[in-house]
K.L.:
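I have a structure I would like to understand better, so I am pasting it below and will then ask my questions one at a time.
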Amino acid sequence: MAIPNVKRYRITSPDGTMSASLMAVLPKDIDVTKYLSEASQRFDWKAFQEAQQKQFKIRVGQQKQKKAK
């Protein structure tokens, strides 16, 4: 079941190299750009980068061998 009024926002790291998706329910009278800039500063970019590397880890090592005829 989905949460109503949830919006997806895209935040970028302070150095501008990475971007992440943030889902939030914001009150009507809040400044969205101020909230997103604060959220990008509080976001744990180091842990996010490590999680991305673990997710797309390339297997190195034993490969399938071809049969010689």
Side-chain angles (χ1 to χ4, degrees):
M1 183 172 174
I3 301 171
N5 302 326
V6 172
K7 291 187 180 177
R8 183 179 295 230
Y9 300 100
R10 181 72 94 187
I11 58 173
T12 57
S13 63
D15 58 356
T17 57
M18 293 187 295
S19 65
S21 161
L22 175 74
M23 296 178 73
V25 178
L26 301 178
K28 291 182 181 179
D29 57 346
I30 194 167
D31 185 14
V32 176
T33 56
K34 184 178 178 183
Y35 173 80
L36 292 177
S37 66
E38 183 182 322
S40 69
Q41 291 174 353
R42 288 185 287 131
F43 193 76
D44 191 2
W45 291 104
K46 185 177 179 184
F48 179 72
Q49 185 178 17
E50 290 173 1
Q52 291 295 322
Q53 287 175 349
K54 285 182 182 178
Q55 185 177 5
F56 297 112
K57 190 172 184 179
I58 298 171
R59 184 172 177 251
V60 178
Q62 197 175 34
Q63 302 295 323
K64 191 172 184 179
Q65 296 178 351
K66 292 184 179 180
K67 260 188 172 177
K69 289 185 177 182

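When reading the values below, keep in mind they use all heavy atoms of this one structure, side chains included, and skip hydrogens, waters and symmetry mates. Not measured: the values here are computed from a predicted model.
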K.L.:
Taking only residues two or more places apart in sequence or in another chain, which ones pass side-chain contact (heavy atoms from CB on, under 4.5 Å) with Glu50?
P.N.:
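Lys46.
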K.L.:
With side chain to side chain donor-acceptor pair (under 3.5 Å) as the rule and sequence neighbours excluded, what pairs involving residues 4-13 come up?
P.N.:
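For residues 4-13, and leaving out neighbouring residues, the side chain to side chain donor-acceptor pair (under 3.5 Å) pairs sorted by first residue read Ser13-Asp15.
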K.L.:
Please round to the nearest 0.5 Å and tell me the distance separating atom CD1 of Ile11 and atom CD of Glu38.
P.N.:
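It is 11.5 Å, given to the nearest 0.5 Å.
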K.L.:
Write down the atom of Ala39, the atom of Leu22, and the distance for their closest heavy-atom approach.
P.N.:
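Closest pair (atom of Ala39, atom of Leu22, distance): CB-CD2, 4.0 Å.
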K.L.:
What pairs meet the side chain to side chain donor-acceptor pair (under 3.5 Å) rule with one or both residues in residues 22-32, with sequence neighbours excluded?
P.N.:
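Listed once each, the pairs are Asp31-Thr33.
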K.L.:
Can you name the nearest heavy-atom pair linking Trp45 to Ser40, along with the distance?
P.N.:
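In this case the closest contact between Trp45 and Ser40 is NE1-O, 2.8 Å.
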K.L.:
Do Ile30 and Phe43 share a hydrophobic cluster, counting only Ile, Leu, Val, Met, Phe, Trp and Tyr and linking them when any side-chain heavy atoms are less than 4.5 Å apart?
P.N.:
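In one cluster with Ile30: Phe43, yes.
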